[in-house]
Amino acid sequence: MTNTALHQANLAQEAKQLAVSLRELGLASRRFTISLWKWLTKPSQACLAKTARKDAERLRAVADKLYRADPHYVQDIYAAAPRHELAASYVQDLYAAADDMLECTASAR
């Protein structure tokens, strides 16, 4: 009778340890999945700059074609092109700041 009682207590303790281990495994898997998803879906900073540069070049090409039809509108387009490139650099800075914050948060845990 004593053996059975000790065996049941031992099983309860092992079940608790298993539950704790599974919980930790689930949390680690969740963190890994989130990190992997962010890494896979985050556009590279160089890609953002190239895309912004290409978009600005396209805007300037459209402005060149429309110059005779509406010069005032073309001036607005020419002014928008560098703003678009500048906005892309701000986005790059935001991504860099977000990465720094994630690293600090991860190292604090």
Side-chain angles (χ1 to χ4, degrees):
M1 186 179 240
T2 308
N3 247 351
T4 305
L6 288 176
H7 184 65
Q8 287 177 350
N10 193 18
L11 283 178
Q13 183 181 8
E14 289 177 1
K16 286 181 185 178
Q17 288 175 348
L18 178 63
V20 169
S21 297
L22 288 175
R23 181 177 166 267
E24 290 175 2
L25 178 63
L27 291 174
S29 298
R30 180 177 179 261
R31 285 192 301 264
F32 173 75
T33 304
I34 290 171
S35 298
L36 181 63
W37 178 256
K38 287 181 180 180
W39 180 74
L40 289 173
T41 59
K42 182 179 98 170
S44 69
Q45 293 181 1
C47 180
L48 286 174
K50 287 179 186 177
T51 303
R53 196 174 309 117
K54 286 181 182 179
D55 289 344
E57 288 172 5
R58 283 189 220 129
L59 277 175
R60 291 181 184 108
V62 168
D64 291 340
K65 291 178 184 177
L66 295 175
Y67 185 74
R68 291 181 187 251
D70 191 356
H72 295 293
Y73 180 61
V74 169
Q75 289 175 355
D76 291 340
I77 293 175
Y78 278 129
R83 285 193 297 246
H84 183 69
E85 290 174 319
L86 186 61
S89 70
Y90 288 140
V91 170
Q92 288 177 340
D93 293 343
L94 288 174
Y95 272 122
D99 286 341
D100 292 343
M101 288 175 58
L102 287 174
E103 288 175 9
C104 289
T105 305
S107 64
R109 291 181 186 174

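Residue indices begin at 1 and follow the sequence shown.
To the nearest 0.5 angstrom, Leu27 atom CG is 8.0 Å from Glu24 atom CD. For the atom pair Gln75 CD and Tyr67 OH, the distance stands at 7.0 Å (nearest 0.5 Å). Taken to the nearest 0.5 Å, the OG1 atom of Thr51 stands 11.5 Å off from the CD atom of Glu85.
With Val62 as the partner, the side chain to side chain contact (heavy atoms under 4.5 Å, CB included) test is satisfied by one option alone out of Leu59, Asp64, Leu66: Leu66.
Scanning all heavy atoms of the two residues, the minimum distance from Ala63 to Ile77 falls at CB-CG2, 3.7 Å. In plain terms, the two heavy atoms of Ala56 and Ala81 that are nearest each other are CB-O, 3.8 Å. In terms of heavy-atom proximity, His84 sits nearest to Asp55 at NE2-OD2, 3.2 Å.
Proximity of Trp37 to Ile34: side-chain heavy atoms (C-beta onward) are nowhere separated by under 4.5 Å.
Put simply, Trp39 and Phe32 are part of the same group of oily side chains (I, L, V, M, F, W, Y) that touch within less than 4.5 Å, one to the next.
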